[in-house]
Amino acid sequence: MFLKIDPKSGTPVYLQIIEQIKSQIASGRLRIGDRLPTVRDLAVDLRVNPNTVSKAYRELERDNVLEGRPGIGSFVSGKVSGLVLKRKEEEVRRHMERAVVEAYHLQLQRRQITGIFTETLDGIYPPEGAEGGKGGRT
Amino acid sequence: MSNSVISTERLGKRYGRRWAVENLTMNMPRGAVMAFLGPNGAGKTTTIRMLQNLVRPDRGSGTVLGLDITRSGPDIRRLIGYVPERPHMIDWMTIDRIQAFTASFYPTWDGAYARELTTRFNLRPESKIKSLSRGEEAKLALLLALAHRPELLILDDATAGIDPGARREILETVIAHMHQEGTSIFFATHLVHEVEGLVTIVAVFNQGHLTRQAPIDELKRSIRRIQFRSDAEIPSPPAGIDILMRKRIGAIEDLVVECPALETIESFANANHTTADEVSLEDIYLALTAPGRGTS
């Protein structure tokens with residue numbers, strides 16, 4: 001299966017689709033130019049409402065993660081995000097803050113958080129000299 | 001044209017002294033996928049039969065696709081697709097024959113689509129209906145309900161008692177169909193998890209009454225589960241938090257609560273050293289139909 005969606009989760013299904021497609025691109029499983037399943041095929045496969053898949057694709061297109069070619073399908077986009085650097089940093093800071101607050105409540109130590117952060121980072125942005133990966137989209 | 005596909009106002013049906021449906025006011029907008037949830041005997045099937053004028057209401061009123069349910073039975077039945085829990089099909093007929101027979105009632109019957117579905121469901125046109133398995137019977141009933149491309153599809157526990165493979169085929173076909181046609185879908189079911197990813201609106205029906213009707217996203221956003229150790233003193237939640245269900249499981253006191261402001265639930269949980277967890281549609285359904293809900 002292309003994505004693993006849990007309709008039982010309290011996270012709306014369209015957000016789960018968005019997060020997983022973004023993460024597959026970040027990890028290199030999906031590459032620039034790859035074609036995504038059609039709305040119909042993905043909806044049938046995941047057994048979710050086709051409008052939910054449409055909504056996820058639309059948001060991903062709006063954010064330049066995907067590129068819709070009318071009548072052909074949706075593709076992983078090579079376009080650069082239109083946001084200025086400051087806005088991009090704000091966006092990432094917001095996500096990191098959420099993760100750190102969560103870690104605080106789970107009573108993780110500073111070095112444990114740093115460890116998880118470095119591991120995650122290495123998975124997507126391999127350290128200098130290592131093989132593979134592309135170190136961030138565009 | 002009306003923006004509702006189904007609309008009822010204080011609809012009721014009585015059998016003897018018992019109200020099977022007591023006072024049902026609900027509204028299903030066009031394009032929605034509505035889960036009509038309720039325990040067995042809650043009055044779901046009676047409601048569905050009233051909507052098609054197969055049963056006459058004893059009070060109240062309603063429309064389906066803008067047509068008055070007490071006056072336009074045949075017109076309504078031509079415009080909608082209906083899959084009952086136990087389809088009554090003329091069992092000496094072959095699959096081919098019943099398609100031709102059913103087609104004669106529907107001006108919009110699409111023979112090519114019917115053949116496409118026959119193939120997709122692996123049904124043999126020359127098979128007699130009495131020789132079909134329960135799963136094949138349900139697939140045939142769905143085919144007969146879809147081939148005239150209805151604006152509204154009503155499924156009354158259509159996948160109850162069917163093996164998982166056939167259930168999956170039925171759901172996938174419904175999804176592909178709604179993608180193509182934008183059909184509104186009314187799912188009466190108690191297999192809640194099966195339709196969770198499809199549903200846009202939830203209507204919970206219990207003991208002849210509509211307990212709740214709301215968009216699924218709204219319910220999922222405002223309902224949480226909180227668990228306390230039952231030997232500690234259980235604090236009462238602040239104003240604004242509604243307790244939907246409360247029960248004890250061993251050493252745990254299990255609460256399902258609702259509040260439009262999620263922060264209120266979260267700070268209540270945090271202040272008591274526990275967490276507010278997300279809930280599935282099944283949890284929501286069980287909480288909303290729990291006996292004596294709202295009391296401890």
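First the proteins, then the strands, lettered A, B, ... as listed; each starts at 1.
- To the nearest 0.5 Å, atom OG1 of residue A:Thr11 and atom CZ of residue B:Arg221 are 12.5 Å apart.
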Side-chain donor-acceptor pairs of residues 268-276 of chain B under 3.5 Å, sequence neighbours excluded:
{"from": "B:Asn270", "atom 1": "ND2", "to": "B:Glu266", "atom 2": "O", "distance (Å)": "3.4"}
{"from": "B:Asn272", "atom 1": "ND2", "to": "B:Phe268", "atom 2": "O", "distance (Å)": "2.7"}
{"from": "B:Thr274", "atom 1": "OG1", "to": "B:Gln227", "atom 2": "O", "distance (Å)": "2.8"}
{"from": "B:Thr275", "atom 1": "OG1", "to": "B:Asp277", "atom 2": "OD1", "distance (Å)": "3.2"}

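- Judged by distance alone, with hydrogens and angles left aside, the side-chain atoms of B:Lys220 form a donor-acceptor pair with the main-chain N or O of A:Ser9 at under 3.5 Å.
- Summarising the geometry of A:Asn49 relative to B:Leu198, their closest heavy-atom pair is ND2-O, 2.8 Å, with the distance given to 0.1 Å.
- Between A:Asp41 atom CG and B:Glu172 atom CD the span is 10.5 Å, to the nearest 0.5 Å.
- Partner of B:His179 under the side-chain contact (heavy atoms from CB on, under 4.5 Å) criterion, chosen from A:Val44, A:Thr38, A:Val39: A:Val39.
- Distance check: B:His193 NE2 to A:Asp6 CG gives 12.5 Å after rounding to the nearest 0.5 Å.
- Crowding of A:Arg110 atom CZ: a count of heavy atoms from other residues, nucleotides or ligands under 6.0 Å not exceeding 12.
- Heavy-atom distances place the backbone of B:Val279, and not its side chain, under 4.5 Å from chain A.
- Closest non-hydrogen pair, B:Glu196 versus A:Pro7, comes out as OE2-O, 3.1 Å.
- In terms of heavy-atom proximity, B:Ile175 sits nearest to A:Arg47 at CD1-CA, 3.4 Å.
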